[in-house]
Structures are given as C-alpha cells and as structure tokens.
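Since the structure is predicted, the reported quantities are computational estimates derived from the model, not experimental observations. Every chain is numbered from 1 and lettered A, B, ... according to where its sequence line falls, protein lines coming before strand lines.
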Amino acid sequence: MSHDQIRAELEAFLDAEFSPDLSLVEWRKRLLAAGWAAPLWPAAYFGRDFSQAEALVVSQVFAERQIVGAAQVGPRRLAAETILAHGTSEQKLRYLPKILTGEHAWCQLFSEPGSGSDLAGASTRAERKADHWLINGQKVWNTSAHHADFGILVARSNWDLPKHQGLSYFLIDMRQPGVEVRPLKQMNGHASFNEVFLTDARVPLDDLVGGEGKGWAVATTTLSIERQGFARGRSQGAPAAASAGRVYEELARELEIDNEPYTWYPQREGRPDLIMQRAQDTGAIENDVVRQEIAKLICLTEAARISANQVSAHQKSGGQGVLPAGSIGKLGASVIARHAAHVHTMISGASAMLSGPDSAADGVIAETLISVPAISIAGGTDEIQRNIIAERVLGMPKEQRMDTGPFRDIPRNGQ
Amino acid sequence: MQTVLSEDQEQFKHVVQRFFDTHSTTTAVRKLAETETGFDPLVWAQLSETLGLPGTHLSEQYGGHGFGPVELGIILEEMGRTLYCGPFFSSAVMAGYALELFGDDAAKIERLPQIADGSIRATLILDDLNHPSRVGGLIKATPAGALTGSAPIVLDGCSADVFIIVAQEDSGLGLFALASKAQGVEVAAQDSIDMTRKVARVTLNQAAGTRVGSVSPQDLNRFWDLTSVALAHEMIGGAARLLDETVEYTKGRYQFGRPIGSFQALKHRCADLLMSLEFAKAATHHAGFCLAANAQETIYPSMAKAMAADCFMDMARAAIQLRGGIGFTWENDTHLWFKRAKCDEVLLGAPYQHRARMIDILQEAQDVA
Ligand SMILES: Cc1cc2nc3c(=O)[nH]c(=O)nc-3n(C[C@H](O)[C@H](O)[C@H](O)COP(=O)(O)OP(=O)(O)OC[C@H]3O[C@@H](n4cnc5c(N)ncnc54)[C@H](O)[C@@H]3O)c2cc1C
C-alpha cells in the first residue's frame with residue numbers, strides 16, 4: 001500500500017470508530033480488530049504485515065490526532081514479541097490481545113540469585129505432572145513483577161542434560177498462591193525490581209513455549225528484543241493524557257501504574273538531553289574542556305540514534321532477523337550513560353553533591369548520577385555484550401567452556 | 001624529603017586502623033547515615049580524648065600535636081576505608097587548617113585548642129568549593145564585621161558549634177568566627193547524595209562575626225593544597241577497600257561453572273584498577289610528604305586530588321559492575337562508597353579543574369624562572 005492509502009484508510013477508520021468517550025479497553029479492542037494496534041505484526045495475529053516505514057505512517061497519524069494506541073509500557077513488549085515468534089497459534093490468540101489492550105501486565109522472570117549473566121545456569125525447577133508443570137525456585141531483579149499478571153519464565157526441566165538443553169520457557173500466571181513477590185530497594189532509593197519466590201506454583205501444560213527443553217532458543221529471542229530496546233531508548237508513543245474524555249482518563253491511570261517502576265529510567269540513561277541547557281544555565285559552556293566533553297557526548301548519542309534507526313529499518317518485527325547487533329547498541333547505551341554522568345558532574349561542580357530541593361533540575365541530576373550504574377548491568381552486563389560481540393559478531397574464538405556435561409555436575413554458587 | 005612512612009607513622013596507622021575498624025563498621029555507618037547530625041558523639045569523644053586525632057596536624061603552640069599532613073593523611077585514609085561518619089573533615093581539617101593558616105595569633109590561641117581537643121566542633125564556610133579563585137563571591141563583610149550572604153554547601157553545617165567564615169571585604173578576603181546559634185544565622189539541612197557526610201546551606205543576614213584573620217591568595221592556595229591532599233587520602237582509603245572487597249567477591253561468585261574472577265575481562269579490569277590505585281596512592285603520599293617538607297607551589301597536591309578522585313570513582317563504578325544486580329541494591333554496602341566517591345570527586349574542585357591548576361602552577365613557575 002502507498003503511504004497515502006494507509007493514511008486515508010486509517011483516518012477513515014478513526015473518523016468512524018474513535019471516540020474519547022470509549023473505555024480504554026473497548027477502544028483498543030476496536031484497534032485490534034482492525035489491525036491498527038500492531039501493524040508490524042502478521043495479519044493472522046492482529047497485525048497488517050507492515051514494513052517499518054509503513055508502520056511509521058501509522059504512528060505519525062496517531063501522534064497528530066492524539067489517538068491512544070496499544071499498551072506498550074514495561075516487559076509486556078518482551079512477552080508479546082517472544083510469543084509472536086515462538087508461541088503456538090493458541091498461545092498467540094489467547095495472550096496477545098490482552099497484552100495489546102493493556103488488560104494484562106507482564107514481567108520477566110529470568111535472573112536468579114545464582115544465575116544472572118549465566119542465564120542458562122538457571123536452577124528453578126520445572127517438573128512435569130499429569131496436567132500441569134510444577135515450579136519451584138527463586139527469581140530476582142524482576143522489574144515490575146509487583147504489578148504483573150503474567151510472567152515469562154525460564155526454568156530447568158531436565159538436570160541430566162547439558163545446561164542449554166535442559167531449559168524450558170513458560171508463561172506463568174502471577175496471581176496464584178505459589179507466587180510471592182517482594183520488592184527490593186535499589187541504590188537510588190526506588191524499588192522497581194523484586195524477588196519472586198515460586199513454591200509449588202503451577203503452569204498449565206499448554207503454557208510451555210517452544211517445546212520442552214527448547215527454552216534457551218526462546219529466551220535468546222527475548223534477550224535480543226530487550227537489548228534492542230536499550231539501544232533505541234524510550235519510545236514516546238503515548239499521547240498527551242491531559243486530553244478530555246474517558247479513554248484519556250483511563251490511559252492516564254494506566255500509565256501512572258505502568259510507569260511507576262520506570263520513573264528513574266531516563267536518569268538511568270544519563271539524561272544527555274539536559275546537558276546543553278545545563279551547561280548554558282551554569283555558564284560551564286564557556287569552559288573549553290567541558291565543551292569538548294559535551295561534543296563527545298553528542299557524537300555518541302547522535303551516532304547511536306542514527307545507527308539504531310538503520311538497524312531497525314533492516315529488519316521486520318516478530319523476532320525474525322534479530323541481530324547480535326542489539327548488543328552493540330546496548331553497549332553503546334551504557335557508554336553514553338556513563339559519559340553523560342561524567343559531563344553532568346563537570347557541569348555541576350561541587351553542587352553535584354546535593355540531592356534535595358536545592359539541587360540541580362529538582363534532583364534529576366543527582367538521581368542520574370546514582371542511577372547510571374544500572375544500565376551496564378540490566379538486560380545483560382557490558383561484559384556479556386562484549387563477549388557476544390566478539391564471539392558472535394566478530395567470530396573470534398570462543399572462550400573455553402567449563403560448564404559442559406550434565407547440568408547437575410556443574411559447579412554453582414552455594415555448593 | 002620522606003619517601004615512605006617512618007616506623008612511628010606505621011605504628012600510628014595501626015592504632016588508627018584498629019580504632020576505625022571497631023568504631024566505624026558498616027552497621028554503624030548505616031545507622032548514622034539515617035540520623036540528622038550524622039555522627040556518634042561518643043565515638044567523637046573517644047577519638048578526640050583517647051587518641052587526640054583532631055589536633056594531629058595543628059601546631060603544638062595552639063594545642064595541637066605538631067604533626068603534619070602525613071599523619072593527618074594516615075587518619076583520613078583509614079576514615080575513607082571505613083567511611084567514618086563525623087565532623088573530622090569539617091572541623092579538624094577545614095576549620096582547623098583555615099584558622100591555622102589565616103588566623104591571627106590571638107584567635108589561634110583562643111580557638112585552636114578547642115578544635116584540637118574536639119571540645120568544639122567548628123566548620124568552615126566557603127561560598128565556593130570549586131576553586132580557590134572563586135571564593136568570596138557570595139558572602140560579604142562590612143568593615144564592622146556584619147556578614148551577609150549564603151553558602152550552599154557547608155559540611156556538617158547543622159551540627160557545628162562555630163562557623164569559621166571566609167568573606168569578601170572591601171579589599172581582600174577576611175576570616176571571621178561566628179557562633180552557629182548567633183543572630184542573623186540561618187542553617188538549613190541539605191540532602192546530599194552521600195548520606196554519610198551531612199551538609200547544610202548557611203545563610204547570613206547581617207550576622208555579627210568576629211574578625212579573626214585575613215586570607216591572602218597565597219595562603220588560600222596553601223589551604224587548598226592541604227585540604228585537597230587530606231581529601232585525596234580519604235579517597236585512596238575508600239578505593240583500596242573497594243578493590244579488596246571486589247576482588248574477594250569475584251573469587252566466590254560462580255557463573256558459567258567457574259568463579260567470575262577467572263574471566264580475563266574481570267582480571268584485566270581489576271589489574272588496571274590496581275595500577276590506578278597504586279599511582280593515586282603514590283601521588284597522594286608524595287603530595288603529603290611535599291607538604292610536610294613545606295615545598296611551596298608544587299603540582300603534587302592537585303595531581304593527588306585529581307588522580308585519587310578519578311581512581312575512587314572508577315573503582316566505585318567497577319565495584320558495582322562486578323557485583324552485577326546485587327551491586328545496585330540498597331542492601332549491599334557498595335553504594336555507600338560510590339556516593340562518597342561522587343561527592344569527594346567534586347568537593348574542593350573536580351579532577352579537570354585540578355589538572356588545569358597543575359598547568360597554571362607549572363606556567364607560573366616558568367614565568368618566574
Ligand atoms: C535495574 C535492573 C533491572 C533488571 N530487570 C530484570 C528483569 O526484569 N528480569 C530479569 O530476569 N532480570 C533483570 N535484571 C537482572 C540482570 O539481567 C542481571 O543483573 C544481569 O544479567 C547480571 O547478572 P547478575 O546480577 O547475576 O551478575 P553476575 O552474572 O554475577 O555478574 C557479576 C559480574 O561478572 C561478570 N561476568 C559474568 N560472566 C562473565 C563472563 N563470561 N565474562 C566476563 N564477565 C562476566 C558480569 O559482567 C558482572 O560484572 C535487572 C537488573 C537490573 C540492575
């Protein structure tokens with residue numbers, strides 16, 4: 001379809017169907033039915049098979065007309081894209097709609113106290129029973145688990161196979177007695193991640209994704225999607241929730257809850273957007289050293305933005321064609337965040353010490369300085385990205401492995 | 001000039017080390033961080049009365065022990081290692097050095113003994129903590145000694161008994177003393193990134209200060225050198241502690257069937273950090289020895305401050321990074337040092353400003369020659 005045709009069809013749809021007085025879910029159901037909620041997705045699953053360029057037209061029209069789109073915030077995106085890539089047809093039909101309408105929030109249950117970088121070393125136990133999987137173990141650092149209805153879960157279903165082969169990937173209902181979520185406080189004072197205790201939690205047999213023992217391949221898709229998200233930065237998406245009408249009011253409420261764990265995420269990314277203004281306001285812009293450091297930061301942020309656009313123009317959605325290049329973007333994002341914190345420190349001088357009402361930009365700079373360390377850890381550490389880039393992109397010889405053979409024989413923490 | 005610590009100094013280090021290992025545990029640090037004044041009066045009394053620490057570097061004629069920057073450095077290194085919470089840096093180092101360098105004789109006789117024995121906790125009010133050349137822009141003194149203006153960052157401003165103040169006079173900078181409870185003084189606690197060192201904003205409105213000395217540019221430079229070197233010691237102490245604990249952590253944490261410390265990426269990073277620490281330590285100790293030998297206008301104090309600050313900050317970043325998720329939690333102690341590192345980095349001038357100052361000093365020396 002030409003871009004003009006897309007625009008015309010979408011506008012006609014909006015004229016006919018959109019009203020700010022609809023409930024949020026009702027409106028999104030209409031979007032979904034017409035394929036406008038996720039135009040990049042296959043037509044068989046709520047989408048329109050659009051290219052990135054075509055999908056951009058859709059988001060432009062949404063932005064121009066202040067239209068509320070599908071729910072986007074949080075790990076629900078990871079769940080959706082992974083299910084789309086690896087789920088059964090029943091799983092797609094059952095789970096994707098309520099992700100898009102925002103009725104269900106999700107979380108990512110991957111990391112454990114004993115295995116973070118080494119995700120394939122997960123030791124949460126999944127036992128197959130007659131009509132369900134029985135799950136026992138502990139997960140940790142799970143962002144938004146305290147708001148989640150469902151989780152994407154990696155657990156070990158076989159202890160005798162080599163580690164990558166004994167993993168299975170599940171969709172787990174968080175609202176059950178066997179799941180206990182406890183928030184964890186971070187060094188920046190927020191508590192957006194949690195520990196999750198799984199005690200005889202159950203997963204219906206149908207909610208295994210990709211097949212028994214195929215969990216690693218599925219998890220790898222989730223991780224690539226996550227890393228690209230880092231590289232791309234936060235998507236704006238949501239229209240001004242200030243507009244009047246039921247749909248906007250409900251959206252505002254949804255965003256308040258969904259965004260709560262992410263309030264400090266822009267700070268985690270180093271807030272390079274504030275640098276020029278701060279440097280001008282403080283007069284630090286006059287200093288030659290500061291100018292150089294700001295220019296370096298601009299080089300990094302601009303190149304990262306342009307590169308991410310180029311990468312996403314090359315690929316389709318749905319998990320296919322996901323490149324290890326996501327690791328380059330992720331590594332870049334943490335270099336940027338660190339450099340931004342460095343420049344903020346230079347600009348602020350001694351007042352970088354302050355974090356209260358007297359501090360720069362209402363405490364945003366202070367929060368930036370103590371949030372930046374997260375970005376080089378979350379979603380896979382810098383060291384892990386470098387390993388992936390070296391071994392998978394550059395094709396350098398692999399590190400000798402010490403963790404082959406049956407999983408139960410591999411040295412682990414606490415043994 | 002000295003190149004290593006003397007036997008007596010080594011012995012002193014052991015005593016000080018034992019004291020802070022006992023009295024500045026992370027449990028104690030965390031408890032004090034949550035309080036308003038941020039220090040334990042009993043520990044303060046002990047370190048003052050039993051060990052006499054606040055008077056270490058002050059002249060004997062004014063009640064001090066007559067030791068110098070090296071012994072003071074030993075104390076601060078241990079304080080940095082254990083993240084000691086208390087008004088030592090503000091009172092003994094900042095206010096103590098300011099009075100010693102800028103004060104007139106009568107004021108020193110009257111005030112220094114009480115700072116030296118810890119019975120009075122003073123703090124220095126400098127209206128700019130970025131560079132010596134910027135001091136005096138905000139706080140003004142009338143010829144009669146009425147002080148007006150505001151300093152946004154005063155260390156331990158809420159708990160100090162006495163303020164020692166550098167203020168702009170009609171010509172030059174003067175030194176003033178003022179009771180913290182005097183009329184025309186307003187003290188407001190400020191939140192700091194670093195909860196283990198309390199800061200306040202102090203606003204003066206026609207407050208009646210006592211003039212106790214004058215501040216020449218040379219003396220202010222000397223003051224900046226002495227305090228920067230003291231702070232550098234605190235930073236290398238903190239950095240050394242972080243490296244020790246981080247290396248230990250990498251030996252015990254397993255991923256991929258092996259200790260993470262067996263990955264070359266982490267070995268190399270730790271090796272680089274040790275090099276940076278050894279250089280920062282060398283620079284800091286040498287700066288202390290130079291100051292002790294009364295060497296004037298050398299690059300070493302600024303070099304020490306710049307290198308120690310970069311080292312401490314790099315170390316703190318790595319200490320979190322090498323722990324992964326646990327390093328980003330409140331419950332893990334690493335962030336306490338990270339936050340101290342961030343604040344020490346900018347207190348008394350950021351590294352890039354100290355590097356610029358080094359070149360200024362070198363150029364001036366050439367111009368003179
Ligand atoms: C803010 C935040 C949000 C998060 N959200 C989630 C979430 O929603 N869901 C979820 O499941 N997890 C989440 N995580 C967890 C995150 O994915 C892990 O913390 C991360 O993968 C590192 O694992 P770890 O913490 O166990 O550290 P470890 O794996 O123990 O790593 C410790 C150090 O060892 C290094 N290391 C490990 N292996 C190697 C190697 N082979 N070569 C070189 N160096 C190595 C690491 O790079 C790191 O420096 C989150 C983390 C953070 C900080």
Residue-level interface, residues 346-360 of chain B with chain A, non-hydrogen cut-off under 4.5 Å: B:Val346, B:Leu347, B:Tyr352

Heavy-atom pair count under 4.5 Å with chain A, highest-scoring of B:Arg253, B:Lys339, B:Glu331: B:Arg253

Between B:Ala316, B:Ser192, B:Gly252, the one whose heavy-atom pairs under 4.5 Å with chain A are most numerous: B:Ser192

Straight-line distance of B:Asn332 CG to A:Lys185 NZ, nearest 0.5 Å: 14.0 Å

Which portion of A:Arg386 sits near chain B, non-hydrogen atoms under 4.5 angstrom: neither

NZ (B:Lys31) with more than 12 external heavy atoms under 6.0 Å: no

Greatest number of heavy atom pairs closer than 4.5 Å to chain B - which of A:Ser117, A:Ala120, A:Ala352: A:Ser117

Heavy-atom check, side chain of B:Asp191 versus side chain of A:Pro357, under 4.5 Å: yes

Side chain, backbone, both or neither of B:Ile153 within contact of chain A (heavy atoms, under 4.5 Å): side chain

A:Asp382, part contacting chain B, at a heavy-atom distance under 4.5 Å: both

A:Thr345 to B:Lys342 - nearest heavy-atom pair and separation: OG1-NZ, 2.8 Å

Exceeds 12 heavy-atom contacts within 6.0 angstrom, atom CD of A:Gln292: no

Where A:Met187 and B:His335 come nearest, the two heavy atoms and their spacing: CB-CB, 3.5 Å

Exceeds 12 heavy-atom contacts within 6.0 angstrom, atom CD of B:Glu245: yes

Contacting region of B:Arg317 [heavy-atom separation from chain A under 4.5 Å]: side chain

Flag, side chain of B:Gln321 to backbone of A:Ser376, donor-acceptor distance under 3.5 Å: yes

pair B:Tyr254-A:Asp118: side-chain heavy atoms closer than 4.5 Å: no

Under 4.5 Å from a heavy atom of chain B, the part of A:Glu293 involved: neither

Atom pair CG/CG of A:Leu354 and B:Asp194 - distance to nearest 0.5 Å: 11.5 Å

Gap between atom CD1 of A:Ile370 and atom CD1 of B:Ile193 - 0.5 Å precision: 6.0 Å

A:Ala374 to B:Phe328 - nearest heavy-atom pair and separation: CB-CZ, 3.5 Å

More than 12 heavy atoms from other groups under 6.0 Å of CG on A:Asp409: yes

Contact origin within B:Phe256 toward chain A - heavy atom pairs under 4.5 Å: both

Least distance between heavy atoms, B:Ile326 atom then A:Trp141 atom: N-CZ2, 3.3 Å

Per-residue contacts, residues 195-205 of chain B versus chain A, heavy atoms under 4.5 Å: B:Val199, B:Arg201

Proximal component of A:Val290, with respect to chain B [non-hydrogen, under 4.5 Å]: side chain

Exercise: identify the closest heavy-atom pair between A:Pro373 and B:Ile320: CB-CG2, 4.0 Å

Proximal component of A:Gln400, with respect to chain B [non-hydrogen, under 4.5 Å]: backbone

Spatial distance of atom CD1 (A:Ile384) from atom CD (B:Gln255) [nearest 0.5 Å]: 8.0 Å

Shortest non-hydrogen contact between B:Asn130 and A:Gly349, atoms and distance: OD1-CA, 3.4 Å

Best-contacting candidate, A:Ala191, A:Gly356, A:Pro113, A:Ala350, against chain B by heavy atom pairs under 4.5 angstrom: A:Ala350

Close side-chain approach of A:Glu383 to B:Phe263, heavy-atom, < 4.5 Å: no

